[in-house]
Colleague: 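Got a structure for you, questions after.
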Amino acid sequence: MGVITIDNPATHFNLKTHTNSRDLKKAIEKITQRGGLSNVGRAISFVTKNFFSKANGNRSGAPNVVVVMVDGWPTDKVEEASRLARESGINIFFITIEGAAENEKQYVVEPNFANKAVCRTNGFYSLHVQSWFGLHKTLQPLVKRVCDTDRLACSKTCLNSADIGFVIDGSSSVGTGNFRTVLQFVTNLTKEFEISDTDTRIGAVQYTYEQRLEFGFDKYSSKPDILNAIKRVGYWSGGTSTGAAINFALEQLFKKSKPNKRKLMILITDGRSYDDVRIPAMAAHLKGVITYAIGVAWAAQEELEVIATHPARDHSFFVDEFDNLYQYVPRIIQNICTEFNSQPRN
């Protein structure tokens with residue numbers, strides 16, 4: 001653990017400064033009161049940008065938790081800073097002490113600030129204390145909640161909590177050179193995610209008239225292994241049965257998806273399907289698989305829109321040439337994250 005004081009935020013010590021509770025206790029006792037304003041929003045921004053780094057002792061497998069203690073109310077806005085903290089995987093707990101009296105409420109910069117700051121608005125992350133003398137009573141409830149890692153909902157981010165299945169068209173019209181370009185596109189997307197057996201997992205299917213499982217979600221659990229596996233995928237060549245490929249991916253990939261993971265299918269095709277895509281696409285949507293459809297060259301726009309999750313404008317993309325696929329990586333990642341972060345916070 002580490003300690004930051006508010007006003008002009010400063011780290012007194014970081015996550016790796018003290019490794020035993022005796023030293024930690026001494027360090028806490030040496031902290032002096034500095035006065036100043038309750039710039040909570042500024043302090044949360046500081047924590048998000050500076051505190052939880054590898055250099056400061058952050059461990060990849062450990063949940064990131066911030067316990068904010070504020071007397072009265074913040075003197076700046078917390079909403080935007082807290083949103084960015086949540087999106088970075090930080091679980092914010094908020095302890096308010098004393099709070100504003102009726103005649104002071106006009107001075108509160110942001111009404112309902114605690115709910116705007118916390119990870120979830122369900123009461124789990126908020127504790128209110130009537131006076132400083134009662135602060136010790138929050139100790140056991142707070143410890144219990146922080147240790148309940150299964151309920152630390154903000155540890156999950158758009159980059160570390162999905163099972164992503166790539167469904168790749170390997171038909172004759174693609175050609176060997178373009179197929180390598182598609183694999184580079186898959187690589188570029190994969191690089192954006194945090195990969196491990198407990199974070200995001202990647203699987204891939206290639207299809208023509210037939211389908212082939214290149215690797216399942218449980219085959220590789222590190223980013224270098226996944227990137228090597230993508231590189232090794234061999235071009236197949238044949239027809240284009242996209243509907244059958246979606247059914248195959250549901251059966252061979254997504255059936256083995258973990259229940260606590262978001263299921264994302266990213267389908268890349270360069271032509272019109274020889275079979276029906278409507279019923280398989282509907283089956284994917286009903287099973288909760290969020291489907292992105294990427295069409296290149298001769299792909300049919302209306303088919304992409306049927307395959308894609310609603311709204312199609314956020315989940316289907318058309319590219320005129322294979323060489324332009326790379327340009328869509330930032331937009332696809334942004335859409336995946338926007339959708340994830342717009343989930344209700346109650």
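Sequence positions, counted from 1, serve as the residue numbers for this chain. Everything numeric in this text was worked out from a predicted model, so none of it was measured.
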Colleague: Using a distance-only test with no angle check, is there a side-chain donor-acceptor pair under 3.5 angstrom linking Ser237 and Ser172?
Modeller: yes
Colleague: To the closest 0.5 Å, what do you measure between OG1 (Thr309) and CD (Glu339)?
Modeller: 7.0 Å
Colleague: Do you see a donor-acceptor pair shorter than 3.5 Å between the side chains of Gln184 and Asn188?
Modeller: yes
Colleague: Under a 3.5 Å distance rule, please check whether Lys261 uses its side chain to pair with a backbone N or O of Thr198 as donor and acceptor.
Modeller: yes
Colleague: Out of curiosity, does Ile90 fall in the hydrophobic cluster containing Ile44 (side-chain heavy atoms, cut-off under 4.5 Å, transitive links)?
Modeller: yes
Colleague: Using the rule that two of Ile, Leu, Val, Met, Phe, Trp, Tyr join whenever any of their side-chain heavy atoms come within less than 4.5 Å, decide whether Ile168 and Phe215 are in one cluster.
Modeller: yes
Colleague: So, taking the atom named OG1 in Thr96 and the one named CE in Met69, what distance separates them when rounded to the nearest 0.5 Å?
Modeller: 12.0 Å
Colleague: Over 60° means perpendicular and under 30° means parallel, so classify the ring planes of Tyr125 and Phe93, tilted if in between.
Modeller: tilted
Colleague: Does the distance from a Lys or Arg side-chain N to an Asp or Glu carboxylate O, for Glu79 and Arg83, drop under 4.0 Å?
Modeller: no
Colleague: Is Asp197 reaching over with its side chain to a backbone N or O of Ser221, donor-acceptor style, under 3.5 angstrom?
Modeller: no
Colleague: Are Ile164 and Val182 connected in the hydrophobic side-chain network, where two residues link if heavy atoms are under 4.5 Å apart?
Modeller: yes
Colleague: Determine yes or no for a side-chain-to-main-chain donor-acceptor pair under 3.5 angstrom, with Asn160 supplying the side chain and Ser155 the backbone.
Modeller: yes
Colleague: Find out whether Phe185 and Leu189 are in side-chain contact, i.e. whether some heavy atom of one side chain is under 4.5 Å from a heavy atom of the other.
Modeller: yes
Colleague: Kindly give the heavy-atom pair with the smallest separation between Phe322 and Asp270, and that separation in Å.
Modeller: CZ-CB, 3.5 Å
Colleague: Evaluate ring pair (Phe, Tyr, Trp, His ring centres under 6.0 Å) for Phe113 paired with Phe94, printing each intermediate quantity in order.
Modeller: CA-CA 10 Å; Phe113 59 85; Phe94 215 96; 5.8 Å; yes
Colleague: Would you say the side-chain atoms of Asn115 and Thr121 include a donor-acceptor pair closer than 3.5 Å?
Modeller: no
Colleague: Just by distance, with hydrogens left out, do Asn14 and Thr17 show a side-chain donor and acceptor under 3.5 Å apart?
Modeller: yes
Colleague: Is the backbone N or O of Ala55 less than 3.5 Å from a side-chain atom of Lys16, with the two atoms forming a donor-acceptor pair by type?
Modeller: yes
Colleague: First locate atom CD1 of Ile333, then atom SG of Cys158, and finally report the distance between them rounded to the nearest 0.5 Å.
Modeller: 8.0 Å
Colleague: Among side-chain atoms of Ser53 and Asn58, is any donor-acceptor pair under 3.5 angstrom?
Modeller: no
Colleague: Counting C-beta onward and ignoring hydrogens, is there a side-chain heavy-atom pair between Leu183 and Tyr235 closer than 4.5 Å?
Modeller: no
Colleague: Could you tell me if the side chain of Phe254 sits less than 4.5 Å from the side chain of Lys287, heavy atoms only?
Modeller: no
Colleague: Answer yes if Val65 and Ile28 sit in the same cluster of Ile, Leu, Val, Met, Phe, Trp and Tyr residues linked by side chain heavy atoms under 4.5 Å apart, and no otherwise.
Modeller: no
Colleague: Can you name the closest pair of heavy atoms from Arg86 and Thr157 and give their distance?
Modeller: O-CG2, 4.5 Å
Colleague: Taking the six-membered ring of Phe317, is the NZ or CZ of Arg331 close enough (under 6.0 Å from the centre) and on axis enough (within 45°)?
Modeller: no
Colleague: Please report the shortest heavy-atom distance between Phe51 and Ile4, naming the atom on each side.
Modeller: CD1-CD1, 3.4 Å
Colleague: Could you measure the distance from the CD1 atom of Ile95 to the CG atom of Leu127? Nearest 0.5 Å is fine.
Modeller: 5.5 Å
Colleague: Determine whether Ile336 and Val319 fall in the same hydrophobic cluster, where Ile, Leu, Val, Met, Phe, Trp and Tyr are linked whenever their side-chain heavy atoms lie under 4.5 Å apart.
Modeller: yes
Colleague: Can you establish whether the number of heavy atoms outside Arg34 located under 6.0 Å from its atom CZ is more than 12?
Modeller: yes
Colleague: Where is the tightest heavy-atom contact between Asn91 and Ala153, given as atom of each residue plus distance?
Modeller: OD1-N, 3.5 Å
Colleague: Is Glu210 reaching over with its side chain to a backbone N or O of Gly238, donor-acceptor style, under 3.5 angstrom?
Modeller: no
Colleague: Between Asp163 and Arg201, is the salt bridge (charged side-chain N to carboxylate O under 4.0 Å, His left out) condition met? List the steps.
Modeller: CA-CA 5 Å; Asp163 279 344; Arg201 303 186 305 167; 2.9 Å; yes
Colleague: Looking at Asp199 and Ile195, would you say the former's side chain and the latter's main chain have a donor-acceptor pair under 3.5 Å?
Modeller: no
Colleague: Say whether, by atom type as modelled, one donor and one acceptor occur between the side chain of Asn64 and the main chain of Phe52 under 3.5 angstrom.
Modeller: no
Colleague: What pair of heavy atoms forms the shortest contact from Gln301 to Ser316, and how long is it?
Modeller: NE2-OG, 4.3 Å
Colleague: Below 4.5 Å, heavy atoms only, C-beta onward: do Phe248 and Leu213 meet side chain to side chain?
Modeller: yes
Colleague: Contact between Trp236 and Phe179 at the side-chain level, heavy atoms closer than 4.5 Å - yes or no?
Modeller: no
Colleague: For the CD atom on Gln343, are there more than 12 heavy atoms of other groups (residues, nucleotides or ligands in this structure) within a distance under 6.0 Å?
Modeller: yes
Colleague: So with a 6.0 Å cut-off around NZ of Lys219, is the heavy-atom count from everything else above 12?
Modeller: no
Colleague: I'd like to know whether NZ of Lys223 has more than 12 heavy-atom contacts from other residues, nucleotides or ligands below 6.0 angstrom.
Modeller: yes
Colleague: Keeping the roles fixed (side chain from His12, backbone from Val3), state whether a donor-acceptor pair exists under 3.5 Å.
Modeller: no
Colleague: For residues Thr242 and Tyr207, is any side-chain donor paired with an opposing acceptor at under 3.5 Å?
Modeller: yes
Colleague: Specify the closest pair of heavy atoms between Trp132 and Glu98, including all atoms of both residues, with the distance to one decimal.
Modeller: CD1-OE2, 3.7 Å
Colleague: Check whether any side-chain heavy atom of Asn335 sits under 4.5 Å from a side-chain heavy atom of Tyr292, and report yes or no.
Modeller: yes
Colleague: Is atom CD1 of Ile279 surrounded by more than 12 heavy atoms (other residues, nucleotides or ligands) closer than 6.0 Å?
Modeller: no
